[in-house]
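Since the structure comes first, as structure tokens, the remarks are kept for the end.
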Amino acid sequence: MSDNGDILKVNNLSVSFFTEDGTAKAVQDVSFAIKKGKTFALVGESGCGKSVTALSIMRLIPTPPGEIVNGEIFFGPRDLLTLNKKRMRGIRGNKIAMVFQEPMTSLNPVYTIGDQIIEAIKLHQTKSTEQAWADAVEMLRRVGIPDPQQRVSEYPHQMSGGMRQRVMIAMAISCEPSVLIADEPTTALDVTIQAQILDLLDQLQEQNQMSILLITHDLGIVAERADDVAVMYASRLAEIADAKSLFDDPLHPYTQGLLKSLPRLDFEGKRLHTVPGNVPDPLHFPTGCKFHPRCPLGCDDRRCQTDEPELREVRPGRCVACWYAPGYGR
Amino acid sequence: MAKTYEKKDWGVSYGEMVTREFMKNKLNVACLVFIVIMFTVAVLAPFIANDKPFIIRIDGKMHYPIFKDLTPNDYSVFFVAALGLVQLALIRRNKKVIEPSIRGSVLLKQIKINALILLTGLILIQVFTPRRLDATDYKAMVTSGKATAAVFPPVPYGYARTDLKVREQPPSKQHWLGTDDVGSDVLCRLIHGSRISLSVGFVAVGISSIIGVFIGAILGYFGGKVDFIGMRVVEIMMAIPTFFLIITIVAFFPRSLLNIMVIIGITSWTGNARFIRAEFFKLRKQDFVQAAVSLGLPLRNILFKHMLPNGIAPVLVSATFGIAGAIFIEAALSFLGFGVAPPTPSWGQMLSLGVSTTGRFLWWLSIFPGLAIFFTVLTYNLVGEGLRDAIDPRLRKAA
Amino acid sequence: MPNTNGKLLRVDGLKTYFSIKRGLLQRTIGHIKAVDGISFDIAPGQTLGLVGESGCGKTTAARTILRLIPATAGEAIFDGTDILQADKQKLKQIRRNVSLIFQDPYSSLNPRMTVGNIVGEALKVHKGITGAELVNKVKMLLEKVGLSAQHINRYPHEFSGGQRQRIGVARALALEPKLVICDEPVSALDVSIQSQILNLLKDLQDEFGLTYLFIAHDLAVVKFFCDTIAVMYMGKIVEKASAKQIYQKPLHPYTKALMAAIPKVDPAQRGVRKAFGGEVPSLLNPPTGCPFNPRCSLAESQCLKNIPELTESSEGHFVACYKAHKKEE
């Protein structure tokens with residue numbers, strides 16, 4: 001399957017949550033591929049299913065109520081969804097690692113930083129404690145923590161948010177994974193710290209030839225860091241493109257609306273452009289194209305109201321799911 | 001607010017969500033049914049177990065001794081139960097008829113009116129109901145043929161009537177659960193004892209909840225020095241083993257039901273105070289409370305409309321456990337002989353008769369009251385557990 | 001308003017210290033200077049933006065002005081009365097005229113109250129409006145903020161984040177306040193919702209002549225929304241000027257760093273943004289001299305010893321940096 005340098009390939013992934021209030025189709029028919037050594041960004045608003053997609057790749061969907069109902073996730077030649085638990089554990093954290101949004105709660109407050117990194121190292125590698133400890137210090141140095149010798153025996157509460165996120169990254173890369181999933185890695189951090197963390201990720205990517213799946217809601221970060229971008233809206237992919245073409249020429253009305261509504265430093269107008277309406281709730285998605293109630297083009301179109309457009313390649317490297325997109329074919 | 005919009009626009013309140021969650025569990029429903037049955041039995045005890053007949057014909061004249069024999073306390077119990085039912089019916093009706101925005105104020109008004117009726121009613125009943133002691137042995141009249149026809153309650157014995165001829169008898173056709181050391185029917189005493197247990201449970205918990213919520217709210221909202229001193233008092237209270245404290249206090253006061261309820265109530269509020277204090281500490285910093293302060297709302301609104309409804313849940317849960325606890329303490333006190341004075345029936349005191357003065361083990365005097373205590377305490381604990389799970393669904397899913 | 005020079009709010013030397021207590025007797029062993037002597041003023045109908053990273057004291061400053069947190073020193077004169085010294089009666093009066101919009105739309109609404117009650121409570125308490133009049137007023141407010149009047153009997157949990165924020169706005173506007181303090185009103189919202197709320201706040205300002213104190217960490221949002229911007233760092237205002245001035249010619253190195261840190265939504269400009277080193281020092285253990293010196297590339301001996309004052313560098317442009325002034329000369 002890894003023909004054209006794709007290291008991770010998601011095919012037709014669908015995930016549902018079966019709750020007492022009904023079935024929430026959190027992810028529907030999502031397909032994308034991450035290239036080796038590149039950053040693939042998955043952008044979307046809260047509840048669009050981007051985090052669920054990430055958790056599915058790690059096979060960390062809480063079951064019940066969640067369930068991966070359909071799809072394949074190829075990591076090299078293997079479909080991760082068919083692996084047994086033991087082999088999945090060998091991949092999780094080792095070949096594919098994850099960094100979470102909340103650096104405050106992702107670390108265990110009763111263990112030192114060192115203990116927690118060592119635990120991650122020893123889980124996948126056979127090393128003596130001394131060796132692992134030395135590794136941990138080295139990891140902390142690599143993620144740019146000053147005085148790693150001393151910091152390694154400190155507790156999480158003694159560190160700032162940015163430092164904790166660095167520790168999380170150190171843990172994630174301790175086994176030199178080939179894919180790093182970063183779920184909103186900078187959302188909880190201050191702007192000046194954000195840039196530091198993103199730089200760190202860039203630098204580590206270069207060193208290890210690691211692929212990064214960057215999950216975020218921040219289009220600015222995407223513009224700065226991503227090679228390829230998938231825009232997700234209400235459980236489906238709206239658009240896939242390389243970063244440059246996406247920002248130069250967004251095809252989906254949702255992407256267009258989002259880009260226009262961002263307040264930019266050089267913006268001079270009185271009012272911002274808005275995308276009207278609310279982010280739909282996964283339990284009550286609209287019929288047809290899920291964006292149609294908020295769409296300037298399709299809100300009155302019968303077709304958009306009843307038929308959901310699938311993701312189609314409209315020109316090389318550009319996929320979009322919109323009846324109105326040029327070249328989509330109605 | 002006046003009526004405005006259609007029902008379909010009515011939101012689902014937190015209370016309704018919790019109720020729905022609670023009712024989903026079959027065990028909870030079973031426990032509720034059990035409690036309802038217990039309540040019915042306790043309220044209607046004089047009609048279920050009584051040595052007075054409903055109707056009796058003496059010398060060709062009809063008499064209704066059971067109704068004449070009812071004490072002011074019996075009437076009070078009926079009155080309270082009836083008002084309670086009315087209140088429940090009103091709450092149910094409000095949910096359907098009154099829009100959510102004004103439900104709170106309507107309910108408050110109803111509670112105020114009901115409380116007023118309750119108070120005046122109780123005083124009137126206690127003052128104006130005649131107190132008579134009818135010691136006539138109607139059963140003897142029937143057997144002797146003085147009375148021609150009579151309808152007795154299902155358990156035709158009085159809880160205070162002694163009959164030394166049949167003392168310490170095991171279960172039989174006449175006495176389904178046997179008799180005790182003075183020949184009273186065990187089933188009858190069990191039924192009347194449920195009144196004691198339930199009233200101790202509810203009144204004691206009511207007292208301790210009110211004290212606890214009040215003190216906890218003050219400590220939690222004001223914090224600082226008030227809290228520092230208050231918490232030390234609470235800690236001192238908690239350091240004393242409640243049960244021994246109760247025994248000590250009980251020794252100084254007449255052994256009436258009211259005293260026991262009050263004593264249990266005023267010794268067990270510390271837990272509630274701590275719960276509410278912790279909740280208020282947390283809530284005080286919450287944005288919606290800060291919003292209420294910043295809008296210049298009066299302290300009363302902030303405490304009772306914004307904070308209390310959000311912090312009351314753990315107290316409700318602990319109150320349910322508290323009822324079980326209070327019933328248990330009362331039983332234990334009575335078992336040790338510090339409880340209500342005979343002939344008032346109490347489960348704990350009945351239990352203590354299980355080993356007679358002659359040293360004989362009377363199993364029916366241990367088993368039946370024991371089971372009654374066990375099931376009652378268990379039910380309330382289960383309800384408490386169910387309530388806790390319903391209030392915090394995350395807890396349930398994590399478990 | 002004789003002593004406020006036509007300003008609606010004038011804050012002067014505001015300080016909020018939190019004491020650090022240790023031990024059984026809760027002895028004070030030190031202070032956290034969350035807000036350390038800030039001064040600014042807002043003219044009626046204007047918007048002042050208070051920008052800074054988390055922990056810089058901007059939220060504490062806002063809450064101190066509303067007396068939700070006790071102030072240590074300074075004054076905040078609103079409409080001629082010092083909020084910080086006002087007695088109960090006056091404070092009540094002030095709180096009718098100053099309202100607050102919160103960051104988190106989830107924790108800022110009482111989950112046990114209906115939307116109608118949340119929005120209408122203050123009207124009932126302060127203005128004695130009840131019955132049909134209250135309902136009409138609440139309906140009007142809901143429609144004003146872009147919600148449907150039918151929502152009056154719903155509970156907060158039945159709304160999405162953006163809608164809840166609208167409820168919060170309606171509550172803040174119920175008493176027709178003069179000054180609205182917006183504490184990061186859009187940072188917890190989805191991207192497509194942020195611009196809706198910002199536009200709504202702008203429209204309401206135009207309609208009711210509102211004055212805003214707008215607190216945010218995002219310079220781009222503040223630049224769009226505000227007339228004047230004050231940049232805060234570790235409890236102090238380090239730069240204060242009109243939005244245009246700050247954008248065109250930022251003087252303080254921290255402001256420059258903040259501007260540079262904003263990601264550009266344009267892949268062509270990739271690499272332009274330079275990461276800015278260091279972290280915000282702990283308030284428990286602040287550096288001596290200029291609080292920014294550990295992160296500043298321009299710092300020299302003077303910066304390590306003395307704390308620079310906020311001084312006017314050019315017309316209406318204030319900055320607290322020795323180096324910034326030097327460059328001007």
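Just so you know, these numbers use all the heavy atoms, side chains as well, and skip hydrogens, waters and symmetry mates. So you know, we letter chains A, B, ... as the sequences are listed, proteins then strands, and number each from 1. Just so we're clear, the structure is a prediction, and the values are computed from it rather than from any experiment.
In this structure, the side chains of C/Y155 and B/P100 come closer than 4.5 Å at one or more pairs of heavy atoms. Looking at B/Q290 and C/L100, their side chains never come closer than 4.5 Å, going by heavy atoms from C-beta outward.
Within residues 267-287 of chain B, the residues having any heavy atom under 4.5 Å from a heavy atom of chain C are, by residue number, B/D287. Of all residues in residues 62-74 of chain C, those placing a non-hydrogen atom less than 4.5 angstrom from a non-hydrogen atom of chain B are C/R63, C/L66, C/L68.
Taking each heavy atom of B/A291 and C/S108 in turn, the nearest pair found is CB-O, 4.5 Å. Annotation for B/L295 and C/H126: closest pair O-NE2, 2.7 Å, computed over non-hydrogen atoms. B/N301 approaches C/E121 most closely through the heavy-atom pair ND2-OE2, 3.0 Å.
Counting only distance, with no hydrogens or angles, the side chain of C/H157 and the backbone of B/V12 share a donor-acceptor pair below 3.5 Å. In this structure, C/N110 contributes its side chain and B/K305 its backbone to a donor-acceptor pair below 3.5 Å.
C/V98 touches chain B through its backbone: at least one of N, CA, C or O sits under 4.5 Å from a heavy atom, while the side chain does not. With a threshold of 4.5 angstrom between heavy atoms, B/M17 approaches chain C through side-chain atoms but not through N, CA, C or O.
The 12-atom threshold is not exceeded at CZ of B/R92, counting heavy atoms of other residues, nucleotides or ligands nearer than 6.0 Å. Atom NZ of C/K90 has 12 or fewer neighbouring heavy atoms from other residues, nucleotides or ligands inside a 6.0 Å radius. The environment of C/K92 atom NZ is sparse: at most 12 non-hydrogen atoms of other residues, nucleotides or ligands sit within 6.0 angstrom.
Contact count versus chain B (heavy atoms, under 4.5 Å) is highest, among C/M113, C/Q103, C/E133, C/R96, for C/M113.
In this model, a donor atom of one side chain and an acceptor atom of the other lie less than 3.5 Å apart for C/N153 and B/S101.
Interatomic distance, OG of B/S13 versus CZ of C/R112, reported as 9.5 Å (0.5 Å rounding).
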